[in-house]
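Quick notes on the structure that follows.
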Protein chains: 2
Amino acid sequence: MTVLTEESFGSRQRVTMDDVARRAGVSRALVSIVMRSAPGASEDKRRRVLAAADELGYRPDVRAQSLAGQRSRVIGVMFGVTVGAFHFELLDGLFAAAERHGHNLVISPLTRVRDERTAARSLQGFRFDALIMLSPPTAHPLLAGRIPLAVVGWHVDHPGVDVVRVDDDRGIRAAVDHLVALGHRDIAHIDGGDTMISLARRSAYLAAMEAHGLARCARVERGGQAQVDGLAGARRLCSIGPRPTALIAYNDDIAVAAIGVFAQHGLTVPAEMSVVGFDDSSVAALAAVPLTTVAQRPDELGRLAVERMIARVEQRRIVEREIVLPAELRVRSSTAAPREPGHNPLPS
Amino acid sequence: MTVLTEESFGSRQRVTMDDVARRAGVSRALVSIVMRSAPGASEDKRRRVLAAADELGYRPDVRAQSLAGQRSRVIGVMFGVTVGAFHFELLDGLFAAAERHGHNLVISPLTRVRDERTAARSLQGFRFDALIMLSPPTAHPLLAGRIPLAVVGWHVDHPGVDVVRVDDDRGIRAAVDHLVALGHRDIAHIDGGDTMISLARRSAYLAAMEAHGLARCARVERGGQAQVDGLAGARRLCSIGPRPTALIAYNDDIAVAAIGVFAQHGLTVPAEMSVVGFDDSSVAALAAVPLTTVAQRPDELGRLAVERMIARVEQRRIVEREIVLPAELRVRSSTAAPREPGHNPLPS
DNA sequence: CGTTTTAGTTCTACGATACTT
DNA sequence: CAAGTATCGTAGAACTAAAAC
């Protein structure tokens, strides 16, 4: 029997701690201890309580938990419309981690008509004790310094803001290194628009190119977050000026869109054009060719953000305000050595 | 003074009803009455209470409200990864409506590793008294019949499930009528894959074509939800078989992507190819040409779903299980009369 | 004068946590 | 470990006091 029995939904008589305690033949207090996986219960009774809870389809009432406890155990999450496949995997990681730690996430979307202020106000009703922001990447979060706050994915220069992000710099550099090692020189970049993450990756690209003495070969096209934003840039790469032999895209969505454009121009990937994405999100699977990409680990990012917020709430000692996860280049089939110069490609 | 004062966040002393009552010189119960806009308070005291609440930056504690009340005032919202721009506007509408009615939304994402069962379990902790599903469009929601449940956007055949959706059928038909009236006959469709919404729009397209005696001219290409899913289909329209003069896309994302592909083939929109989208979402603005599209009103859909769920919880009498909003064709610049047959287009 | 209406208060219940004994 | 109790911040029913008819 599971929690999704007839008793748990619909027809009333909600199951409470009392019911579980009675059925297991223990006190309410012990049920509380067991459900919170707190120390102070024998293995035997722990099992009996859990069995009773399972049979009754009991789930602790988070409202009561939240109200009775010192902390609300509620973490607010703001996120905005720049959501791609990657952000959803991030949400996944956040929920998984929160659940493991007995915390609850309450989401407050940011939209055109719903700003940080409004979003914060609605969260306030839950007496949230920490906030995690996924997007949009903003330089000065409204609640910075007022409450434990973490941003995931970009850098914020505020002593009261924790940062959990991937090492964009090394990720992009690894991509450039990889392509240079294959023999590429004309490596272009389609960026992600004006967001802070985009700026970080773009300047990392420029720096890496310069480090290889390829500053003259650098070329940046305007892109964006979504797939369609990559189309124009990719088109320009094909039609305007000297055509590069490789592309580093702001993210996988842009990379996938670009590969489509290249195909239309008779350019096969990777033979005539190498492509590197970023994120290793699920859209990478949509590419015609398995995509070489810079992987982030959304589950890790989510877990670290949640755990950091819990640590802050519990006033635990924290050394570094910023957690930077290593970026890992996943080499697949969308990158290869460039054709010999002069070797004319046959449009297939 | 507003709720976002120093007192309301971070450091110390959370403001409760007691504080407001003291400052306003009334009892707690009266504060409760005023905050709920319940009857039983004079205009004079009502103002004093509201003023005191505002000065203190008081917000009712939804956990306590939820726990004390007969109903939890929590509506669960499940939504999945098929989220495009349109779904975010929908979320907006939901939150706005919920807030107006003093209800709270708790979001539970559906991902690859987080199914309806898991999502429901986590919501259960909040003792939610109704559920709204935005996606993925599923034929048999797990909780159907067990709790007030509404799906937004598609049709579900279950007496315990409320449906709020746009009239896909008439929307598509209006698009076809519009194009036929302009003189088009070869009108193609790129669908949205295998979801229930896609099936509804596809068959509406086929039916409308047949109604015009154009069954022979109908052509359906496989698409999907996201922008990139439209690329292949649009490419096939250009390169395989007789080229249509108009396209009705599953949604705006597909339409925008298709317009990009057409441009690459030297086809100008609308001169050589008319394009109609669906949703009138914010991506419509990304199109090179102002997009003719079938508009849905996400705010209305959200409002109706929330209000319907509240009505169900309050056991109010309900006549129709399904609410179908009219679809409105917004004619912009991506549709025009087709070129005369035989008039050869100059590739610009 | 008695009876209903309106405005306000008092008190218990909600389902947990966190003590104390 | 058990048993009992205070507490969290609110809703809502029962109750009171005064005004309205």
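In what follows, every chain begins at residue 1, and chains take the letters A, B, ... in the order their sequences are listed.
- More than 12 heavy-atom neighbours from other residues, nucleotides or ligands sit within 6.0 angstrom of CZ on B:Arg321.
- Ionic pairing of A:Glu320 and A:Arg308 is present here: one or more N-O contacts between side-chain nitrogen and carboxylate oxygen are shorter than 4.0 angstrom.
- One can place CZ of B:Arg71 at 15 Å from P of C:dC14, the figure rounded to the nearest angstrom.
- When the P atom of C:dT12 is taken as reference, atom CD of B:Gln70 falls 18 Å away, rounded to whole Å.
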Notebook entry, point to check: Which letters describe nucleotides 16-21 of chain D, given B = protein heavy atom under 4.0 Å from base, S = only from sugar-phosphate, - = neither?
Noted result: ------
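- Note: CZ (A:Arg73) to C1' (C:dT17) measures 10 Å, nearest angstrom.
- If you measure from atom CZ of B:Arg46 to atom P of C:dA7, you get 9 Å, rounded to the nearest angstrom.
- In this structure, A:Met35 atom CE and C:dA18 atom C1' are separated by 18 Å, rounded to whole Å.
- Under the 6.0 Å cut-off for aromatic ring centres, A:Phe88 and B:Phe79 qualify, their centroids lying closer than that.
- The NE2 atom of A:His103 sits 14 Å away from the C1' atom of C:dT17 (whole-angstrom rounding).
- Under a cut-off of 6.0 angstrom, the local environment of CZ in B:Arg112 is sparse, with at most 12 non-hydrogen atoms contributed by other residues, nucleotides or ligands.
- A salt bridge does not link A:Arg71 to A:Glu314: none of the charged nitrogens lies less than 4.0 Å from a carboxylate oxygen.
- Between the CG atom of A:Asp19 and the C1' atom of C:dC14 there is a distance of 14 Å, rounded to whole Å.
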Notebook entry, point to check: Taking protein heavy atoms under 4.0 Å as touching, what does nucleotides 1-9 of chain D look like 5' to 3' if B marks base contact, S marks sugar-phosphate-only contact and - marks none?
Noted result: SSS-B--BB
Next item on the list: For B:Arg63 and A:Ser66, run side-chain hydrogen bond (donor to acceptor under 3.5 Å, both in side chains): C-alpha distance rounded to whole Å, both residues' side-chain angles, the deciding distance at 0.1 Å, then the answer.
Entry: CA-CA 7 Å; B:Arg63 307 165 305 168; A:Ser66 180; 2.8 Å; yes
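- Distance alone, capped at 3.5 Å, is enough to place a donor-acceptor pair between the A:Trp154 side chain and the A:Thr138 backbone.
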Next item on the list: Might you work through the side-chain hydrogen bond (donor to acceptor under 3.5 Å, both in side chains) test for B:Arg121 and B:Ser108, ending with a clear yes or no?
Entry: CA-CA 10 Å; B:Arg121 226 193 311 262; B:Ser108 204; over 6 Å; no
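- Atoms CG (B:Asp18) and C1' (C:dT9) sit 13 Å apart, rounded to a whole Å.
- Between the side chains of A:Arg36 and A:Ser32, at least one donor N or O lies within less than 3.5 Å of an accepting N or O.
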